[in-house]
Amino acid sequence: MNILLQKFGTKLDTAPFSKIKNEDYIPAFQEAIDLAKAEIDAIVNNTENPTFQNTIEALSFSGDTLDRISSIFFNLNSAETSDEMQKIAQDVSPLLSEFGNDVRLNAALFAKVKTVYDQRESLNLNPEQTTLLDKQYKSFSRNGANLPEDKKNQLREIDKELSKLSLQFGENVLAETNAFELHLIDEKDLAGLPEGTIEAARSLAKAQEKEGWIFTLDHPSYIPFVTYADNRELRKKIAIAFGARCFQNNEFNNQEIVLKIAKLRFERANLLGYKTHAHFVLEERMAESPEKVLSFSNDLLAKAKLAAQKEFEQLSAFAKELDGIEQLEKWDGAYYSEKLKQQLFNLDDEKLKPYFQLEKVLNGAFTIAEKLYGLTFTEVFDIDKYHEEVTTYEVTDKNKELVAVFYADFFPRKGKRNGAWMTSFKSQYIKDGKNERPHISNVCNFTKPTETKPSLLTFNEVTTLFHEFGHGLHGMLANTTYPNLSGTSVYWDFVELPSQIMENWCYEPEALALFAHHYETGEVIPQEYVEKIKESASFQQGMATNRQLSFGLLDMGWHGQDPTNITDIKAFETEQFASTQLYPDVKENAMSTAFSHIFQGGYSSGYYSYKWAEVLDADAFDYFLEEGIFNTEVAEKFKEHVLSKGGTEHPMILYKRFRGQEPKPDALLKRAGLL
């Protein structure tokens, strides 16, 4: 029997990772698709009149087995992949895409959904049911249900092609990231690098039975190298390699793939009656339209641009004075910023890292969740995991009731993609009177412990951990009836609010006192460091805002207009970056070919939402600051109206219920020192 198709029978119904074999996946997917099709057929063939229960609700709960298998497989394909897994993903993605279209383009099913939708005024539905009905109806209408047959077939072909292309895009980025190594054998090339970074590079070389030190394009290796290495030529070498990923003349070149994806998305939007892909996407976002996104972005840019140019001039002058650098290049940015920051604030990551031992930071996040939301995290050892480095927790509330299962996976390895993310292995929902609790995972890439040191985090990594943990809480505290409205199933430009608001606690002395203790002496982080962390938080915020907005504008460039005449990616990018460019261009580099957020992840036409959500998070945290950062009444409101509600109502309604008013950008501008 295929383990993926049985009741797991495990503790808390957790995934039986150690029993799953690669050969189980394809048959399990095929069978689960057949099961889901049978559930759809049962809805279609029901001879009773279509009702909310027998159509909309039944549809919401259908495909449960398929969803579970998909989440297990695709989560592992991101966190613990192999050539074999990637091959399976290539085979399975078209099947899933085909099945999705079978459902969305099923005329008889749509007719039933439409019947219920047309009677919505008289059905006496609660807000969650109303949202579900609207979402189900739009999942058909926005995906071609109203199209004639030939156009439906065209749509199917486009979707199949898109799912393959984005997988290929991601595999190429991973392959290119893994392909580069900077192998150093001369000790003087290590000048400026922190001891921990050198030690990690030594371990990597040892693991390959090589002399010297190996640096890679993985973030825990790449970021410290460009930030601290004194050797400018080597910084240039690794920075160019990073920026040239999938923009080189080799088998991993993503240029054609990017052009194809952009054009297919545009074609798909046109087919569905939308002007561009961004018009299609933004209809279901708080921002509503590309015009609104551009005006929001350009508004912020106008406020940040002057500050960014001033900061860039200050940095250029500093580099010239320090080392006679005539022209500041991209591979100089992080290096001289760090030096300037040290000069201004006498604070660097190396001073701070001893206070941020990974386990203590994680426990700090747990303690804050306990103070705010009454949660307890207990590490357990009887839950199966997909890699020995994963730690597992049972999360309970004040009444000792189970809230969630939590998986934490923190170190880089060969089969894990770069970056940090939250995901779920099982959704929360309520069915037959039982509240099924979610299984949530945080995946990051932090420096591994070495023979002499535990894993010590940079302050940036501390905020990353809190960020992903914020997404985690959104998943863990979910309390909705329907799985497809649960947890992080919200408008994309709202999803970053729970994650970004958590980062704010990292700057507060009261919160830092809970976890920022020296790993050797146990001493609490000195007050002067805390003040400097707060002061330095707005350091170069003009440049940071400018950079973030430039990515969002590039995204809108690809998706908010007709891309059919774009032939040269580099020329197109140069044009898109014109309003935000500070550094000289690097001819060997392109952003789009490794811009996984928009060409592999779900951020196409949505990259602006990081900034959008920053406005929300600064405004929301302002409320905590007014009442106290551990104020349980404010926390209860946030949990009640934001964290537990998922996508059950329009986010602006939920936000106003929590805050009593619409968000204003003032708190963000004040926090970033841009007012």
Side-chain angles (χ1 to χ4, degrees), residues 70-71 73-83 85-97 100 158-179 217-219 222 242-248 250-266 268-269 277-278 280-281 412 414-424 441 443-445 468 471 488 492 495-496 551-552 554-559 563 566 569 572-573 589-610:
S70 296
S71 67
F73 175 75
F74 286 102
N75 285 337
L76 295 187
N77 193 38
S78 287
E80 186 58 14
T81 195
S82 60
D83 291 347
M85 289 279 280
Q86 291 185 359
K87 170 78 179 76
I88 296 167
Q90 289 286 5
D91 294 341
V92 160
S93 290
L95 296 179
L96 292 172
S97 176
I158 291 175
D159 285 346
K160 220 192 246 176
E161 180 70 0
L162 276 171
S163 87
K164 275 195 144 148
L165 287 168
S166 80
L167 259 177
Q168 189 58 55
F169 179 95
E171 284 172 18
N172 287 350
V173 174
L174 185 63
E176 280 273 74
T177 304
N178 288 339
L217 300 180
D218 284 323
H219 280 124
Y222 173 73
F242 190 86
R245 286 174 308 157
C246 305
F247 186 60
Q248 302 175 80
N250 62 20
E251 60 187 306
F252 306 125
N253 189 329
N254 271 339
Q255 290 185 77
E256 277 311 303
I257 292 181
V258 165
L259 292 171
K260 274 189 195 153
I261 290 176
K263 287 168 191 178
L264 284 169
R265 283 173 175 168
F266 177 71
R268 184 182 196 279
H277 178 66
F280 168 75
V281 169
K414 252 311 191 233
K416 190 193 229 186
R417 67 180 168 86
N418 245 328
W421 61 96
M422 165 270 178
T423 184
S424 87
S441 172
V443 189
C444 302
N445 281 278
E468 296 310 332
H471 281 309
T488 54
W492 205 266
V495 81
E496 294 298 332
F551 297 169
L554 176 64
D555 171 28
M556 292 316 283
W558 279 116
H559 298 117
I566 305 170
I569 284 183
F572 174 71
E573 284 192 359
N589 288 179
M591 163 105 195
S592 303
T593 51
F595 197 173
S596 303
H597 272 81
I598 68 170
F599 291 113
Q600 184 196 4
Y603 276 87
S604 66
S605 306
Y607 202 85
Y608 75 90
S609 55
Y610 281 108

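Computed from a prediction, not measured in an experiment: that's the story for all the values here. In this chain, residues are counted from 1 in sequence order.
- Contacts of E80 classified as salt bridge (Lys or Arg N to Asp or Glu O under 4.0 Å), with partners at least two apart in sequence or in another chain: R413.
- The two atoms that bring H471 and T488 nearest to each other are O-CG2, 4.0 Å, heavy atoms only.
- Here CG of N254 is found 11.5 Å from CZ of F247. Values are rounded to the nearest 0.5 Å.
- Atom CG of L259 is separated from atom CG of L264 by 11.0 Å, given to the nearest 0.5 angstrom.
- Taking a 6.0 Å sphere around NZ of K263, one finds it holds more than 12 heavy atoms contributed by other residues, nucleotides or ligands.
- For the pair F74 and L96, the minimum side-chain heavy-atom distance is below 4.5 Å.
- Taking 4.5 Å as the limit, every side-chain heavy atom of Y603 sits out of range of all side-chain heavy atoms of D555.
- Taking the side chain as every heavy atom from C-beta outward, N445 and H219 never approach each other to under 4.5 Å.
- Under the 3.5 Å distance criterion, the side-chain polar atoms of K416 are matched with a main-chain donor or acceptor of C444.
- Atom OG of residue S424 and atom CG of residue N75 lie 7.0 Å apart, to the nearest 0.5 angstrom.
- Contact of the N250 side chain with the E176 side chain is registered, since non-hydrogen atoms from C-beta on lie closer than 4.5 Å.
- Contact check for K164 versus S93: no side-chain heavy atoms found under the 4.5 Å cut-off.
- Between the NZ atom in K414 and the CG atom in D218 there is a gap of 8.0 Å [rounded to 0.5 Å].
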Could you go through the side-chain contact (heavy atoms from CB on, under 4.5 Å) check for F242 and N589 one step at a time?
CA-CA 8 Å; F242 190 86; N589 288 179; over 6 Å; no

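- When side chains are defined from C-beta on, M85 counts as touching F73, because their heavy atoms get closer than 4.5 Å.
- Under the 3.5 Å distance criterion, with hydrogens and angles disregarded, a donor-acceptor pair is assigned to the side chains of W558 and S592.
- The two residues S609 and W492 have their closest heavy-atom pair at OG-CD1, 3.6 Å.
- Residues S163 and S97 share a closest heavy-atom pair of OG-CB, 4.0 Å.
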Are Y610 and F551 close enough, and set up right, to give a ring-ring contact (aromatic ring centres under 6.0 Å, His included), and what steps lead you there?
CA-CA 10 Å; Y610 281 108; F551 297 169; 9.8 Å; no

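- Of the inter-residue distances, the one linking S70 atom OG with N77 atom CG reads 12.0 Å to the nearest 0.5 angstrom.
- Using a 4.0 Å cut-off between a side-chain N of Lys or Arg and a carboxylate O of Asp or Glu, D91 and K87 qualify as a salt bridge.
- Side-chain contact check for Q168 and N172: at least one donor-acceptor pair (N or O, by modelled atom type) lies under 3.5 Å.
- Considering only heavy atoms from C-beta on, V281 stays 4.5 Å or farther from R265 through its side chain.
- A donor-acceptor pair is defined here as one N or O able to donate and one able to accept, closer than 3.5 Å; such a pair exists between the side chain of T593 and the backbone of R245.
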